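Below: the structure, in structure tokens.
Everything numeric here is computed off the predicted structure, so don't read it as measured data. Chain naming here is simple, since letters A, B, ... match the order of the sequence lines and numbering starts at 1 in each.
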Number of protein chains: 2
Amino acid sequence: MRADRAAGTREVIMTSAERLFAEHGLSAVSSRQIGEAAGQGNVTAVSYHFGAKAGLVRAIMTKHGEEIEQIRQQHLADVGDSHDIRDWVGCLVRPVPEHLGSLGSPSWHARFAVQVMTDPMMRALVTDEALTRKHLRQTLDGLGRCLDALPARIRAERGDMARHLITHTCAERERALAEGTAPLHSSWEHTADALTDAIVGLLTAPVTSSRHTLDRTGP
Amino acid sequence: MRADRAAGTREVIMTSAERLFAEHGLSAVSSRQIGEAAGQGNVTAVSYHFGAKAGLVRAIMTKHGEEIEQIRQQHLADVGDSHDIRDWVGCLVRPVPEHLGSLGSPSWHARFAVQVMTDPMMRALVTDEALTRKHLRQTLDGLGRCLDALPARIRAERGDMARHLITHTCAERERALAEGTAPLHSSWEHTADALTDAIVGLLTAPVTSSRHTLDRTGP
DNA sequence: TCACGATTAAGTCAACCGATTGAATGAGGA
DNA sequence: TCCTCATTCAATCGGTTGACTTAATCGTGA
């Protein structure tokens with residue numbers, strides 16, 4: 001039962017921290033504030049359970065990352081060996097808003113994730129870990145197979161763009177939901193659809209060879 | 001000459017601050033550090049010239065915003081009353097990487113702008129100001145005219161997506177340039193082309209009416 | 001039963017923060 | 001010339017932070 005108590009405390013700390021981080025940014029929130037918000041009169045709670053702020057951030061991201069991976073596994077099974085890029089984009093996109101929807105309202109994770117991805121220090125920790133996720137890699141492989149006509153460099157660029165789009169669009173939707181300024185019909189399902197449409201359009205857009213490049217190599 | 005001295009000091013402070021903010025995030029950098037990095041042995045420099053950190057951030061954003069607006073004015077004149085969406089997207093996109101290119105290397109503004117846009121506090125200050133820019137509004141109007149077939153809500157959503165895409169893609173390109181990990185052919189002109197292609201694709205993507213929505217309103 | 005060890009609480013410490021104050025500097029106008 | 005005042009510098013204040021140390025709490029296994 002000692003383990004239960006510790007696990008409960010870890011859980012409370014992670015929840016409080018996620019909210020505070022989402023509201024104020026990573027470096028604007030001290031370990032003390034987190035411990036206090038988590039009901040731990042102690043100032044060393046975060047340090048004791050997570051080592052430091054970085055460990056806490058990593059733990060939160062890992063927890064959600066695993067849940068998202070689980071949802072993605074379902075979508076992967078549904079997609080099978082489809083050659084329709086829309087299926088694969090859905091496999092990439094939908095697990096995120098679906099997970100956020102499962103958190104109830106208000107949720108904080110999307111905004112928290114943006115803070116993490118934007119922090120010059122934490123950024124590396126998370127992007128590394130994301131690429132170790134098996135189902136995500138399978139999804140990216142399947143996506144790449146639908147885009148083999150695209151030059152590798154363009155494909156990589158647009159992949160990054162899609163990643164940014166998912167992260168920040170979900171965060172803004174979450175913020176709108178929390179502030180009550182979201183349109184009535186706004187829902188996570190709609191967000192998933194809108195993102196899928198947009199990213200399919202983005203990835204399949206024709207590549208125009210630039211006037212600038214031609215000018216520069218010209219006579 | 002007193003004005004010159006003050007203007008010079010303001011300039012040095014803004015440059016140092018932009019770099020520090022881009023490297024470490026807004027709330028991770030204290031006014032003291034900025035003053036010190038700007039060669040002002042004094043801890044009061046930022047407070048004296050800009051009131052507080054928010055004033056400093058606003059001053060930096062305004063300075064670059066005006067320069068970007070000036071470039072956009074040129075593009076607006078070139079575009080005229082075109083009905084090609086690609087022209088209007090270029091008018092929206094190109095001023096940003098062109099301005100960043102004019103700053104030389106390494107530049108810090110794109111990464112700084114990301115930090116500002118993701119700070120829960122500063123965010124509002126900047127987005128408000130951006131919408132007061134005349135040429136930006138004209139660009140958005142022209143863009144809207146090319147997309148009148150699109151439902152207003154979808155148009156707004158995709159506009160936000162385009163904004164995120166520009167901001168974060170430029171920041172990542174800037175980071176790659178600074179770290180020397182950028183592909184050889186990488187240049188700001190290429191970034192402008194890649195962004196324009198992607199955003200045109202994103203904005204003109206077909207809207208699929210979702211299965212989810214239909215299910216929910218069904219029998 | 002009882003000592004052990006994991007967990008939580010409480011207190012301390014130097015370092016740093018933003019803000020304020022007052023003095024030193026030096027260019028510009030009377 | 002000499003006063004004025006924008007600018008810079010130096011010192012100080014209360015408050016906060018992260019790291020550290022010590023003590024209290026309380027399941028758990030011997």
Starting at [atom1] of [X] and ending at [atom2] of [N], how long is that distance when rounded to a whole Å?
X: B/R10; N: D/dT7; atom1: CZ; atom2: P; answer: 10 Å
X: B/Q40; N: D/dA10; atom1: CD; atom2: P; answer: 11 Å
X: A/D4; N: C/dT7; atom1: CG; atom2: P; answer: 11 Å
X: A/I34; N: D/dG18; atom1: CD1; atom2: C1'; answer: 12 Å
X: B/F50; N: D/dT8; atom1: CZ; atom2: P; answer: 11 Å
X: A/E36; N: C/dT8; atom1: CD; atom2: P; answer: 16 Å
X: B/N42; N: D/dC9; atom1: CG; atom2: P; answer: 6 Å

Is the phosphate of [N] approached by [X] (side-chain N or O, under 4.0 Å from OP1 or OP2)?
X: A/Y48; N: C/dT7; answer: yes
X: B/H49; N: D/dT8; answer: yes
X: B/T44; N: C/dT20; answer: no

To the nearest 0.5 Å, tell me how far [X] [atom1] sits from [Y] [atom2].
X: B/C146; Y: B/L203; atom1: SG; atom2: CG; result: 10.0 Å
X: B/E98; Y: B/L103; atom1: CD; atom2: CG; result: 12.0 Å
X: A/M161; Y: B/L165; atom1: CE; atom2: CG; result: 5.5 Å
X: B/T196; Y: B/I85; atom1: OG1; atom2: CD1; result: 11.0 Å

Anything under 3.5 Å between a protein N or O and an N or O of nucleotides 17-19 of chain C, put it in a table, one pair a line.
unit_1 : atom_1 : unit_2 : atom_2 : d
C/dC17 : OP1    : B/S30  : OG     : 2.9
C/dG18 : OP1    : B/S31  : N      : 3.4
C/dG18 : OP2    : B/S31  : N      : 3.2
C/dG18 : N7     : B/R32  : NH1    : 2.3
C/dG18 : O6     : B/R32  : NH1    : 3.4

Task: Pairs involving residues 26-65 of chain B, ordered by first then second residue, that meet ring-ring contact (aromatic ring centres under 6.0 Å, His included) (sequence neighbours left out) - done: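 Qualifying pairs, neighbours excluded: B/H64-B/H99, B/H64-B/H109.
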Task: Which atom of B/L92 lies closest to which atom of B/R72, heavy atoms considered - done: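 Scanning both residues, the minimum pair turns out to be O-NH1, 2.9 Å.
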